[in-house]
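All ligand and atom numbering here is 1-based and tracks the order in the structure. Any value given below was found using the heavy atoms of this structure, including those in side chains, with hydrogens, waters and symmetry copies removed.
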Amino acid sequence: MTLQLTTAGESHGPALVAILTGLPAGLVLDRAAIDADLRRRQQGYGRSPRQQLEQDEVEVLAGLRHGKTLGTPLALVVRNRDHKNWEWGMNPWPPEGEPSGKGTKPVTLPRPGHADLAGVLKYGHADVRDALERASARHTAVLVAAGSVAKALLAALRIEVAGTVLEIGGERDAWEAVIDSARADRDTLGGIVEVRATGVFPGLGSYATREERLDTRLAAALMGIQAVKGVEIGDGFALASVRGSAAHDEIEPGLRRRSNRAGGIEAGISNGEEIVVRAAMKPLPTLMRPLDSVDLATGEPAQALVERSDVAAVEAFAVVAEAVVSFELACVALEKLGGDALVDLLAAHRAYLERIQWPRTP
Ligand SMILES: Cc1cc2nc3c(=O)[nH]c(=O)nc-3n(C[C@H](O)[C@H](O)[C@H](O)COP(=O)(O)O)c2cc1C
């Protein structure tokens, strides 16, 4: 058994939807905790005014009764409050009445770095909006809601996951200044985040197949977030330039390590140390001083689309990265331990830790 997540939703459509299957029955969910994660995703210096408008909240349509999972598909919805301004432009059905609000005119000015050009070519759209609406990182709201559910499952196994910002625009601090400066130049920034998972016991993931490797899965999950262009596990790229004697984590009595350069994963399996992963986000592609492009309607040189946008969203990205890492860890934990009911999962967890005598006293 494993967790599976299917999502749907456009940035300015009526809502974002997530269906999560494979959750054991009897897991207590806390609506306030999920909403708190949704709020965290909306915060951070350098966000667009849309974040004040949205104030995301989760709705549950199925799979939960009186706050406990039923072991049936869990259906989550996060409404787009901004949709009221796009009712004509993003109506799922042919809209009635005169065009009004936003999104009424076709977008023909693709932004370099966004889904715009590659998306319209691939899908045969005439309006760039038909590509950008789904590609937008608005979608990450439901990833965060699903990640919050995963965190509840991990908490039952005493695993905690936290994402933090390491750098914004190449700076390790003074982020407000670097963001203010980019905003003044009508430019954008990216950055680096780190996710750490503590309490992870050895044995999650597998070397048996490429798909089962925990490092494969974490890298794919992080790469699946919009704007991510690099992922490293543990010391990652830095390991390429040191000798083996300075790269590996020597084993001590108690089976703990003297260092954690591997970031808690060896041969695609958790080794009992903290899981440490980092991901790099490129600068956001919507610039208030637009980059050169071509008008797809005329074929003539033009400036790219300017649409309300964040200057930097690295703090939000840290929350999304935490969510997707949590989701993958919950998946591998369920694969390892199984269980239709949470009590079965916890019993399997206890039995496994007993078999491997974890944690060991040195
Ligand atoms: C949390 C978050 C917020 C984002 N906000 C914006 C934004 O306001 N404007 C923008 O142009 N791109 C934003 N992006 C990035 C784009 O969605 C992304 O660059 C685009 O979909 C193209 O995909 P790619 O960068 O993965 O190639 C954001 C990404 C994340 C993770």
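The only member of Arg39, Arg138, Arg81 that meets side-chain hydrogen bond (donor to acceptor under 3.5 Å, both in side chains) when paired with Asp56 is Arg138.
Other residues sharing a hydrophobic cluster with Val276 under the 4.5 Å side-chain heavy-atom criterion for ILVMFWY residues do not exist; the residue is a singleton.
When only modelled atom types and interatomic distance are considered, Asn271 and Glu266 share a side-chain donor-acceptor pair under 3.5 Å. Looking at Thr2 and Glu335, their side chains do bring a donor and an acceptor atom within 3.5 Å of each other. Between the side chains of Thr286 and Arg111, at least one donor N or O lies within less than 3.5 Å of an accepting N or O.
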Quiz prompt | Audit row: Arg183, Glu176, salt bridge (Lys or Arg N to Asp or Glu O under 4.0 Å) steps and yes/no | solution = CA-CA 10 Å; Arg183 185 188 282 111; Glu176 294 196 2; over 6 Å; no

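Listed by chain and number, Gly113, His114, Ala135, Ala137, Ile225, Gln226, Ala227, Lys229, Met281, Lys282, Leu284, Pro285, Thr286, Ser309, Asp310, Ala313, Ala316 each place a non-hydrogen atom less than 4.0 angstrom from ligand 1.
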